[in-house]
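Naming: A, B, ... by sequence-line order, numbering from 1 per chain. None of the values given here were measured: they were computed from a predicted structure.
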Protein chains: 2
Amino acid sequence: MDKQTVTIYDVAREAKVSMATVSRVVNGNANVKSETKDKVKAVIERLGYRPNAVARGLASRRTTTIGVVIPDVTNHYFAELARGIDDVAAMYHYQIILANSDESNTKEVQVMENLLGKQVDGIIFMGNIVNDVIRDEFKKADVPVVLAGLLDEQEEQPSVNIAYRAAMTDATTRLLKAGHKNVAFITGDLNHYMNKGHRLLGYQDALATYDIPYDEKLVFQGNYDYQSGYELAAAVKASNATAAVVSNDEMAAGLVNGLTDAGVSVPDDFEMITSNDSKLTVITRPQLSSITQPIYDIGAVAMRMLTKLMNREELAANDIILPHGYIDRESTKK
Amino acid sequence: MDKQTVTIYDVAREAKVSMATVSRVVNGNANVKSETKDKVKAVIERLGYRPNAVARGLASRRTTTIGVVIPDVTNHYFAELARGIDDVAAMYHYQIILANSDESNTKEVQVMENLLGKQVDGIIFMGNIVNDVIRDEFKKADVPVVLAGLLDEQEEQPSVNIAYRAAMTDATTRLLKAGHKNVAFITGDLNHYMNKGHRLLGYQDALATYDIPYDEKLVFQGNYDYQSGYELAAAVKASNATAAVVSNDEMAAGLVNGLTDAGVSVPDDFEMITSNDSKLTVITRPQLSSITQPIYDIGAVAMRMLTKLMNREELAANDIILPHGYIDRESTKK
DNA sequence: GTGAAAGCGCTAACAA
DNA sequence: TTGTTAGCGCTTTCAC
């Protein structure tokens with residue numbers, strides 16, 4: 001049960017070479033005669049030597065570990081991002097330290113400090129909001145930080161996202177085109193920049209195009225989960241809305257069930273479009289028409305971007321926008 | 001952008017004490033005069049000193065990092081386990097290196113090696129099967145490994161689970177009691193010990209109690225996902241089954257939708273019970289009656305167990321079984 | 001192509 | 001209560 005017994009020193013002795021040479025073969029350095037390389041490799045194999053990454057990290061000042069702060073792994077949207085991150089991290093031989101933040105500023109700061117203490121080579125940050133406190137933490141980090149599925153109003157950090165505003169315009173337009181005059185906009189906290197500064201504007205853009213006045217009574221805020229969507233159903237039904245665009249799938253699932261339970265038939269009496277195209281969209285009845293977005297890819301691209309930053313390579317663009325789409329299912333009429 | 005500049009040495013110099021003393025205050029060692037402690041703390045504050053966990057890990061041979069191997073973060077069941085793990089890990093000041101394995105033996109072995117190379121203090125392993133290859137890897141680990149939501153046929157590793165066999169007996173009995181003679185057993189790969197060695201036996205136990213012969217034609221294997229459940233619907237409908245117990249929620253969601261789409265009304269024509277009580281159970285229509293299990297707690301308890309093992313404390317029990325329950329929803333008749 | 005040696009930043013005896 | 005001094009296992013100049 002005691003850790004690590006065979007060291008680079010043992011290998012050097014057994015192979016009758018210096019530690020430096022062993023280090024070279026372990027790290028694939030070309031400057032080793034192929035015959036010594038073979039000899040060393042044989043000893044490594046025989047002794048079952050496994051390099052100590054901690055010692056290596058201390059000596060080289062690179063840990064090949066990155067930090068990932070996630071609001072909650074249990075949330076499918078973020079889990080999907082995380083999966084994209086982990087896959088390309090593995091591809092580049094990085095490990096991931098994952099930390100749940102619950103979007104609490106206190107926790108976010110604390111996990112950032114932990115991560116930095118562990119000497120991660122970079123950080124990918126997910127969440128719903130970037131405020132001064134956390135922006136400050138980014139500044140204190142001596143390593144690159146990239147945002148995945150998150151926009152900083154200040155645009156200080158590299159990020160990868162989709163065009164939330166345009167996507168919301170598309171979805172709203174789809175409904176307006178069908179003749180709806182009163183389309184509800186159902187979203188999360190409007191203090192979140194992505195909602196207020198992007199989605200809402202996209203919704204308004206569409207209204208403007210159809211010369212429909214913006215009506216605050218048609219915007220509803222939930223907290224992104226199923227229950228809040230379900231509870232919103234009553235208010236939505238009571239409003240004069242005949243359709244809705246929803247910012248995320250869990251709320252949309254709640255809404256469609258809530259509406260159905262309240263005797264409102266979707267899509268006959270009420271049409272709706274959601275935003276994430278997650279598996280939930282096909283589980284609900286009716287299935288949910290949705291904006292499509294490459295969530296996994298957002299994570300993957302963010303991680304790829306981070307590897308470049310860690311290698312001090314130039315970035316072609318600081319804020320990457322991945323393409324989105326739309327798919328018709330059963331919550332809209334043909 | 002360069003890492004860590006102020007070291008323990010800088011603090012010592014500024015505070016006019018030795019490194020040892022600084023180390024003591026940082027680690028909360030009691031043997032420091034409170035006035036020197038204050039002095040040192042002030043300097044730490046002023047300089048913005050942040051201990052280097054890598055150096056600490058090398059010197060102390062403890063990294064306060066644990067490895068978590070997970071089949072796929074994107075799977076809600078495992079994500080929930082991971083959340084439980086992370087929460088108690090944070091509570092004990094451990095960080096988590098998360099690695100997706102996709103249940104591929106190759107990947108599992110590889111991530112185990114990575115983790116061990118990083119000198120993690122312990123590992124929590126999740127998956128569906130423990131075979132010789134991976135058992136060997138556990139043996140090679142010089143740190144404790146605990147299984148969460150996974151049983152080893154050999155019972156070599158500490159683990160935490162629920163009584164899958166009894167739970168399945170309960171669910172099956174619920175259906176048998178209602179008068180069903182032909183209850184289907186729908187599960188994942190029967191090569192998985194948890195299915196073959198526990199759930200199936202539990203199903204058979206219930207049948208035996210009701211003197212109903214076991215019929216292989218009533219057992220269906222899927223691969224745990226929505227699609228496979230949906231596709232199984234046709235075969236299930238074609239069989240003489242009038243009810244079913246299902247091993248996981250995604251398959252159950254697929255099955256209920258598949259059945260409904262095929263004109264079979266649940267629960268009127270067909271009753272079913274699922275196993276995880278996840279949010280999916282309330283999203284589907286009808287909502288799914290389910291075995292309830294404390295998934296988050298399984299992760300949490302596994303992590304707690306690991307902390308004990310890492311401290312070389314005695315374990316009261318090697319294989320912990322957490323209580324399960326049952327909840328009636330709409331996929332069974334009252 | 002290979003080796004010697006000086007750290008990387010910290011902890012943990014052991015002294016004092 | 002505090003300081004001194006070895007390391008921890010590796011990378012990385014710098015010589016040879």
Side-chain angles (χ1 to χ4, degrees), chain A residues 2-41 43-44 47-65 93 116-121 142-143, chain B residues 2-41 43-44 47-65 93 116-121 142-143:
Chain A
D2 273 329
K3 287 197 194 168
Q4 183 72 27
T5 38
V6 21
T7 74
I8 198 174
Y9 188 82
D10 300 319
V11 176
R13 182 172 25 75
E14 290 288 311
K16 300 190 202 330
V17 296
S18 71
M19 296 167 48
T21 299
V22 177
S23 174
R24 285 188 190 99
V25 348
V26 167
N27 292 297
N29 186 311
N31 293 332
V32 187
K33 214 196 319 179
S34 96
E35 149 191 349
T36 28
K37 188 190 299 179
D38 294 345
K39 187 172 57 177
V40 171
K41 281 189 169 167
V43 176
I44 287 178
L47 264 40
Y49 169 67
R50 182 196 297 132
N52 181 324
V54 174
R56 195 198 296 233
L58 184 58
S60 69
R61 298 153 146 290
R62 296 187 62 249
T63 55
T64 60
T65 302
H93 304 291
L116 264 10
K118 293 270 181 181
Q119 312 302 116
V120 295
D121 295 334
D142 29 24
V143 295
Chain B
D2 273 330
K3 289 198 193 167
Q4 183 73 28
T5 36
V6 22
T7 73
I8 198 174
Y9 189 81
D10 300 319
V11 177
R13 181 172 27 74
E14 291 288 311
K16 299 192 204 327
V17 296
S18 71
M19 296 167 49
T21 298
V22 177
S23 174
R24 284 188 191 100
V25 347
V26 166
N27 293 296
N29 185 312
N31 294 332
V32 186
K33 216 197 316 180
S34 96
E35 119 195 17
T36 29
K37 189 191 298 178
D38 294 344
K39 186 172 57 176
V40 172
K41 281 190 171 167
V43 176
I44 287 178
L47 263 41
Y49 168 67
R50 182 196 296 132
N52 181 324
V54 174
R56 196 199 295 235
L58 185 57
S60 68
R61 300 152 143 289
R62 298 188 61 248
T63 56
T64 59
T65 301
H93 304 291
L116 264 8
K118 292 271 182 183
Q119 311 303 116
V120 294
D121 295 334
D142 29 24
V143 295

### Message
Apply side-chain contact (heavy atoms from CB on, under 4.5 Å) to residues A:T63 and A:R56 and explain how you reach the verdict.
### Response
CA-CA 7 Å; A:T63 55; A:R56 195 198 296 233; over 6 Å; no
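- At least one side-chain nitrogen or oxygen of A:Y49 sits closer than 4.0 Å to the OP1 or OP2 atom of D:dC10.
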Write down the protein N/O and nucleotide N/O pairs, taken from nucleotides 3-7 of chain D, whose separation is under 3.5 Å; answer none if there are no such pairs.
unit_1 : atom_1 : unit_2 : atom_2 : d
D:dG3  : OP2    : B:S18  : N      : 2.9
D:dG3  : OP2    : B:S18  : OG     : 3.2
D:dG3  : OP2    : B:T21  : OG1    : 2.7
D:dG3  : N7     : B:R24  : NH1    : 3.4
D:dG3  : N7     : B:R24  : NH2    : 3.4
D:dG3  : O6     : B:R24  : NH2    : 2.4

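- Side-chain N/O atoms of A:R56 include one lying less than 4.0 angstrom from OP1 or OP2 on D:dT11.
- Heavy-atom nearest nucleotides on DNA chain D were determined for B:K37 and for A:V54, and the one closer to the 5' end corresponds to B:K37.
- Expressed to the nearest 0.5 Å, how far CZ of A:R13 lies from CG of A:L47 amounts to 8.0 Å.
- The pair B:D38-B:K41 fails the salt-bridge criterion, with no side-chain N (NZ, NE, NH1 or NH2) lying under 4.0 Å from an Asp/Glu carboxylate O.
- In this structure, of C:dC10, D:dG9, D:dT11, it is C:dC10 that holds the atom nearest to the side chain of B:A55.
- The phosphate of C:dG1 (OP1 or OP2) has a side-chain N or O of A:N31 nearer than 4.0 angstrom.
- There is a side-chain donor-acceptor pair under 3.5 Å between B:K118 and A:T65.
- Here the closest heavy-atom approach between residue A:V43 and residue A:A15 is recorded as CG2-CB, 3.7 Å.
- Contact annotation: A:T36 reaches the phosphate of C:dT2 (side-chain N/O to OP1 or OP2, under 4.0 Å).
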